[in-house]
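Below is one structure; the comments refer to it alone.
Below, chains carry the letters A, B, ... as their sequence lines are ordered, and counting in each starts from 1.
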Amino acid sequence: MQERYEPAAVERAAQTFWDEQRVFEARESADAAGKFYCLSMFPYPSGRLHMGHVRNYTIGDVLTRFHMMQGKTVLQPMGWDAFGLPAENAAMKNGVPPAKWTRDNIAYMKGQLKQLGFAFDWSREIATCDPSYYRWNQWLFLRMLEKGIAYRKTGIVNWDPVDQTVLANEQVIDGRGWRTGALVEKREIPMYYLAITKYADELLGDLEQLPDWPERVKTMQANWIGKSEGCEIAFPYAPDTRALMGHDGALKVFTTRADTLFGVTYMAVAAEHPLALAAGAKNAELQAFIDECRRGSTMEADIATQEKKGMRTGFSVLHPFTGKFVEVWVANYVLMGYGEGAVMGVPGHDARDYEFALKNELPIVQVIKSKTDAFANLDPPWQDAFAEYGVTVNSNEFNGLEFQAAVDAIAAALEKKGLGKKRVQWRLRDWGISRQRYWGCPVPMIHCAKCGEVPVPDKDLPVVLPEGLVPDGSGNPLNKTPSFYESACPKCGAAARRETDTMDTFVDSSWYFLRFTCADAQTMVDERAKYWMPVDQYIGGIEHAILHLLYSRFWTKVMRDLKLIEVDEPFKNLLTQGMVLHHIYFREPAPGRRDYFNPADVEVLLGEDNQRKGAILLTDNQPVEWDGLGTMSKSKNNGVDPTALVEQFGADTARMFMMFTAPPEQTLEWSEEGVQGSFRFIRRLWKAVYDQVNTPPPADALAIEKFDKSQLTAAHKDLRRIAHHTLEKVTDDIGRRRSFNTAVASVMELLNAVGKLTDEGLVTRVVKHEALEIAVMCLSPMIPHVTHELWHQLGHETALIHERWWTPDPEALVQDSLEISVQVNGKMRARVTIAAEATQDAAVAAALADANVQKFVDGKPIRKAIYVKGKLVNIVV
RNA sequence: GCCCCGGUGGCGGAACUGGUAGACGCAACGGACUUAAAAUCCGUCGGUCGCAAGGCCAUGCCGGUUCGAUUCCGGCCCGGGGCACCA
């Protein structure tokens, strides 16, 4: 064995072995110890791997290798989320077609993944931009159309009036188009939608079937779906409104607070509401306000933070009970997409309505009083709305009722009048999948002047996206490509126009995990999906906690209802990994302009107290500003290239750093010193094995079964106990807790313990050998290359990846006595050693025998003594 | 604005079900080895008082529950993720 650890050679040899033996090609098999489908979110092929990918895929790889060694058949596939906006942006910048840019990136990034030694089954690789994949997007879309799940309606998009193009939210900066700087407008266009709301109830209810999902993700999903039980209430048009609208209608609202109905002092509708539009047509000033509301972005965050503005329409509706006139306003905080696009304004009992009423000098009426009288009287000037539940007042026949009783009574009375009823409102909206973009999956529809919208027949699938086009920023190039859009109506044969919108890329990623189970199937999926599904472990960024996961769950349920698969939920266990952060350094050469410097080129200056004092740029020794920690990004120039890292330290060091530095769910701060520390540790491990096998007697003559346990000294027993305890802990940390950082830490402790046993007796060498084998095995999921080599060096013929994971020797774990802590009145006062089997009385007696404990008991009577077995005694005096 | 999460030494973190706060690592400091440097090895390392034994303070802030709170509850401050066309 060579004394020096050289990662490049070790990693090449291990990777060659895995490749040649096809170790990671998954085989469906009935006789294994079960199956394990381990999936990491597939990457967008942006050009190069970033550290977030390395972290994500290392976590998946650790679990994959661990479960393989448990004797399961394991599937860990990899592919490419290959459609999307960045390819079009790159095309505009470089003049290269998105297809070429994307495929080049895939080739490069695949090389990077291989370099990191991930146990992927590359025989199942898929790219969503391949027609063999996306044809099934189209096929399933047609099935959804048949079932009424896919349908067409208008939706609002960001419109750049200069480039004459639809903008993504990302392309809207401060309400202006990113390229033109023009004020963005909202525009209504026809789009295809998927009726995810039909599954709202099930998507919410089935969260309970997911005990192995993080609670926070389930909470976020539940809030996103947003089930509200409330009332629909109709406010009949007053005569003027009736004349305006031309019929005897009513303004409908949805509210969860029907108990506050008598506190309504105004109504507010969205700018896109029919009543607003009709009123605006007769009033130039109002029309100008509506136009203003329709400028700006469509993003909810922008809408919610903008100044709340409103204007009178001049029209009124009638209160369903009192018949009083209520003025209708147009307000920019009312969303057309939620509920009815209209709300009743109750300033006394809603914070937002309160703010609006103050600003517009609208009356505020109290109709709820606090049960505890804390807010009994809301005489003006009020400090705030009283938004809590209470008892109705000033509500005619409904006075004196608590929340639920008031809602029940009011809803019943409304229903009798035909002016409302109880109903459930979901926050969740149907999923608009149409994108006015080129680099995506074509929507398989044809528009015929005579027959209307006609689905492309199954036999004509896939509708293939022409790959040579280069977008120029002014709309979808498919609209300028007659060979694509010129078509014939499948029904009547007349000339017709093919749909040029493509699908949201979330469609592609909503079922890729199913295709991985049978990547070469001639149908969308085949029976292999039944073998592998559900995914046993899904790993990805917390930023996907809502949309991607919700869409995938929805898509899975649709496919289940089409009898294509059998599972209700796609992902059994979910791990949401944190982001990778690094320091941000910049200079501001001119106001508003910032030049960012890579942390690798910056030196941090420490003060005498070891605190960071400042930083300088190494090239000119001049100070740079520190902007804290942020996610690694191109724009902040704080990324670290995985390939450079692997070349310098090896893949194992990169993986080790990722696993040891932070728990997987938390953010991870990059640290050059931390990387070096990881490298140092691997080198120490290498050296320990080297010393073991290069000191006579030769290591391969030692077999753990042969040694005589009666020869073990206390020190030997201690090391064996530590070794087997480490094995037990690592098994639990990886298998159950997914706490990789503590697993690594415990192996470090084991290695420290091995180093402390310095005598060269035969028994010591045998015990150390076993301890090193355990250390190597425990680390192998994290640092597979070096452990592959060290396992052989420790005398094993079988490759480590083919070894069955060991179970701890119960005999080694036995402990005769243990140290417990002693508290007096909850304060730590001493530590005493007791027999492992000691009773409470014995433990308390041992505690009281301690001098320091006596000092604090000080002769006072003992009121109570608490013994927590094997841990502590608390004496209460 | 709304939803979710987090805050522990100089730093990353540990403490798993309410039971020894600071495992493990990084940085720093002291020492050994070396012509020297690097590497390696040994030691110290939350604050404070004390010669020591040991005491007191300390897990963002304020309050509560408990024999006992980093952990549970209420209120606040700060940081991060998501908000439907970035993926």
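Between the side chain of R736(A) and the base of C16(B), a donor-acceptor pair under 3.5 Å is found. The base of C3(B) does not come close enough to the side chain of N223(A) for any donor and acceptor atom to sit less than 3.5 Å apart. Side-chain atoms of Q823(A) come within donor-acceptor range of the base of G19(B), with a qualifying N/O pair under 3.5 Å.
Across all strands shown, K827(A) has heavy atoms under 4.0 Å from sugar-phosphate atoms exclusively, and none from any base. Within the nucleic acid shown, H544(A) comes within 4.0 Å of at least one base atom, counting heavy atoms only. The residue I875(A) sits apart from the nucleic acid: no heavy atom pair falls under 4.0 Å. Within 4.0 Å of R829(A), counting heavy atoms only, lie sugar-phosphate atoms of the nucleic acid but no base atom. If you check every strand for non-hydrogen atoms under 4.0 Å, F506(A) touches a base. At a threshold of 4.0 angstrom between heavy atoms, the contacts of V217(A) with the nucleic acid are absent. The residue W224(A) sits close to a base: some heavy atom pair falls under 4.0 Å. Nucleic acid contact class of Y44(A) (heavy atoms, under 4.0 Å, all strands): sugar-phosphate only. Among the atoms of the strands shown, only primed sugar atoms or phosphate atoms (P, OP1, OP2) are found under 4.0 Å from some heavy atom of T667(A). Y867(A) comes within contact range of no nucleotide atom at all, as no heavy-atom separation falls under 4.0 Å. Residue contacts for K729(A): at a heavy-atom cut-off of 4.0 Å it reaches a base atom on one of the strands shown. Across all strands, A545(A) comes closer than 4.0 Å to no nucleic acid atom at all (heavy-atom distances). Counting any heavy atom pair closer than 4.0 Å across all strands shown, Q436(A) reaches a base atom. Within 4.0 Å (heavy atoms only), M191(A) reaches at least one base atom of the nucleic acid.
Proximity note for A745(A) (side chain, C-beta onward) versus C24(B), A84(B), A14(B): the nearest is C24(B). With distances taken from any side-chain atom of R737(A) to the nucleotides A15(B), G19(B), A87(B), the minimum falls on A15(B). Across A84(B), G19(B), A14(B), the shortest atom-to-atom separation from the side chain of R429(A) is found for A84(B). Distance from the side chain of P86(A) is smallest to C86(B) among A39(B), C86(B), G1(B). Looking at the side chain of E673(A), the nearest of the listed nucleotides A14(B), C41(B), C26(B) is C26(B).
In this structure, G12(B) shows a glycosidic angle more than 90 degrees from zero, which is the anti conformation.
Aromatic pair F740(A)/F660(A): ring centres not closer than 6.0 Å. For Y193(A) and W431(A), the gap between ring centers reaches or exceeds 6.0 Å.
In this pair, Y5(A) and F679(A) present their aromatic rings tilted. The plane angle is within the 30 to 60° band. Taking the six-membered ring where tryptophan is involved, the planes of F657(A) and W670(A) are perpendicular, since the angle between them exceeds 60° and thus also 30°. Using the six-membered ring where Trp is involved, H53(A) and Y57(A) have ring planes that are parallel, under 30° apart on the 30 and 60° scheme.
Rounded to an integer number of Å, the gap from E665(A) CD to G12(B) P is 19 Å.
Between the CD1 atom in I875(A) and the CZ atom in R863(A) there is a gap of 13.5 Å [rounded to 0.5 Å].
Judged by Watson-Crick or G-U wobble contacts below 3.5 Å, the nucleotide G6(B) has C78(B) as its partner. The nucleotide C83(B) finds its pairing partner in G1(B), both defining distances of the Watson-Crick or G-U wobble pair being shorter than 3.5 Å.
At the phosphate of G6(B), neither OP1 nor OP2 sits under 4.0 Å from any side-chain N or O atom of R216(A). Contact annotation: N741(A) reaches the phosphate of A14(B) (side-chain N/O to OP1 or OP2, under 4.0 Å).
A side chain to side chain contact (heavy atoms under 4.5 Å, CB included) with M782(A) is found for exactly one of T58(A), D652(A), I734(A), namely I734(A).
With the nearest nucleotide of RNA chain B identified for both V876(A) and T298(A), V876(A) has the one nearer the 5' end.
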